[in-house]
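All chains are named by letter (A, B, ...) in the order of the sequence lines, taking the proteins before the strands, and each is independently numbered beginning at 1.
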There are 2 protein chains.
Amino acid sequence: MDKQALFLKFIDFVTAVHQTTHAFTKGAKLEDVTPVQYKMLEYVAVSQPVTLSSVADCTHMSLPNTSRELKKLIQKGLCEKVADADDRRRQLIRLSDKGQQLMNGIFGHMLSQLEGRIGTLSGEKLKEIEQALDLLHDRVFRT
Amino acid sequence: MDKQALFLKFIDFVTAVHQTTHAFTKGAKLEDVTPVQYKMLEYVAVSQPVTLSSVADCTHMSLPNTSRELKKLIQKGLCEKVADADDRRRQLIRLSDKGQQLMNGIFGHMLSQLEGRIGTLSGEKLKEIEQALDLLHDRVFRT
DNA sequence: CCCTATAATTATCATATGATAACTACAGAG
DNA sequence: CTCTGTAGTTATCATATGATAATTATAGGG
């Protein structure tokens with residue numbers, strides 16, 4: 001197999017990943033949260049506590065816009081802000097209890113979707129999947 | 001490894017895929033094309049010729065909005081529309097020469113990025129990557 | 001203490017996007 | 001031919017998003 005063919009397979013794969021994640025998050029209720037705000041919540045959920053700057057970097061947003069959207073998330077009661085004791089310019093951001101519950105629900109929904117796809121597989125197959133995830137993460141999708 | 005741990009690995013992997021594709025398309029010049037328009041172009045490039053309805057379905061957009069954005073793409077000279085001879089309600093959409101060149105450039109840029117990551121690997125390793133892509137596509141990210 | 005860089009906020013503007021209603025044109029069934 | 005469903009268009013509105021300038025507060029070097 002040449003590089004060209006592998007590239008096509010790569011494109012196809014990436015498209016499928018995007019489709020799948022879209023399908024997974026679809027249906028999870030997101031009352032009042034815009035797409036950009038959801039991206040922020042997801043990042044905070046996985047990496048909390050985080051600074052505003054790191055949210056901006058990781059979501060590829062400008063600092064002013066990140067600040068604006070965070071304010072909305074705080075108004076909705078989904079995030080909390082605490083001044084960093086070591087550097088009082090910095091804000092440490094984390095999910096509030098309500099935000100944590102929201103994200104737990106969404107991750108739970110995604111988990112059940114994933115279960116639906118791999119729930120019936122043997123331990124053997126699951127091991128293969130795990131290894132494939134590791135391999136591609138290392139070789140192709142490392143960040 | 002339990003399902004919970006595999007789920008975390010899954011989340012991590014998906015995040016890495018999103019980051020990587022963002023990095024890949026970043027830097028490819030996109031003069032005058034908005035994100036949504038790019039999504040449309042990408043779909044048309046891979047699946048052309050396509051109907052407007054299928055574009056709407058596959059990009060998760062409403063038909064009116066898809067129609068509006070397609071009009072802009074045609075104005076920019078990136079897409080072409082031909083009435084279907086069999087069903088004159090339908091429009092067959094494809095890239096124009098200019099649009100094809102644009103997408104060739106972008107795919108070329110992505111290909112070179114991919115080369116940068118896997119270019120030095122042995123045929124053996126490439127085979128492993130190919131198999132991992134196939135496995136995950138079949139078992140986890142099938143659509 | 002002064003200077004410069006960093007972290008974040010606020011305000012403002014232009015544009016992109018999403019939702020919806022009302023419409024035209026055509027296909028296919030009966 | 002009429003009726004109903006499908007494909008697409010146009011117009012309009014509200015909101016989300018992106019870009020940028022100006023400002024505040026604090027850290028850290030010298």
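Protein atom NZ of A:K76 is 12 Å distant from nucleotide atom P of D:dT15, rounded to whole Å. Atom CG in A:L52 sits about 19 Å away from atom P in D:dT24, given to the nearest Å. Nucleotide D:dT6 holds its C1' atom 10 Å from the CG atom of B:L63, rounded to whole Å. In this structure, A:R68 atom CZ and D:dT23 atom P are separated by 20 Å, rounded to whole Å. Distance, A:Q75 CD to C:dT9 P: 12 Å, rounded to whole Å. Computed from coordinates, the A:N65 CG to C:dT12 P distance equals 15 Å when rounded to whole Å. What separates CD1 of B:I74 from P of D:dT9 is a distance of 8 Å, to the nearest Å. Straight-line distance from the CG atom of B:L70 to the C1' atom of C:dT17: 16 Å, rounded to whole Å.
In the interface, the side chain of A:D87 is not paired with the base of C:dA7 through any donor and acceptor atom under 3.5 Å apart. Applying the 3.5 Å distance criterion, the base of D:dG8 shares no donor-acceptor pair with the side chain of B:R88. You'll find a donor-acceptor pair under 3.5 Å spanning the side chain of A:R89 and the base of C:dT6, going by distance alone.
Taking the six-membered ring for Trp and thresholds of 30 and 60 degrees, A:F7 and B:F107 have ring planes more than 60 degrees apart, a perpendicular arrangement. Aromatic ring pairs are classed by plane angle as parallel below 30°, tilted from 30° to 60° and perpendicular above 60°; the pair A:H18 and B:H18 is perpendicular.
Residue A:K71 has a polar side-chain atom (N or O) positioned under 4.0 Å from OP1 or OP2 of C:dT10. In terms of phosphate contacts, A:S53 brings a side-chain nitrogen or oxygen within less than 4.0 Å of OP1 or OP2 of C:dA8. Side-chain N/O atoms of B:T34 include none lying less than 4.0 angstrom from OP1 or OP2 on C:dT15. At C:dA7, none of the side-chain N or O atoms of A:K81 fall inside 4.0 Å of OP1 or OP2 (strictly under the cut-off).
Heavy-atom nearest nucleotides on DNA chain D were determined for B:S54 and for A:M61, and the one closer to the 5' end corresponds to B:S54. Heavy-atom distances to DNA chain D give each of A:E69 and A:A85 a nearest nucleotide, and the one nearer the 5′ end belongs to A:E69.
Across all strands shown, A:T51 has heavy atoms under 4.0 Å from sugar-phosphate atoms exclusively, and none from any base. Within 4.0 Å (heavy atoms only), B:P64 reaches at least one base atom of the nucleic acid.
With hydrogens and angles left out, the side-chain atoms of B:D12 and B:T15 include no donor and acceptor closer than 3.5 Å.
Here A:L111 contributes atom CG and A:N104 contributes atom CG; the two are 11.5 Å apart, rounded to the nearest 0.5 Å.
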* **Verdict with reasoning, A:F24 to B:F10, per ring pair (Phe, Tyr, Trp, His ring centres under 6.0 Å)** => CA-CA 12 Å; A:F24 273 24; B:F10 168 82; 5.7 Å; yes

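Looking at the side chain of A:S62, the nearest of the listed nucleotides D:dA19, C:dA8, D:dT17 is D:dA19.
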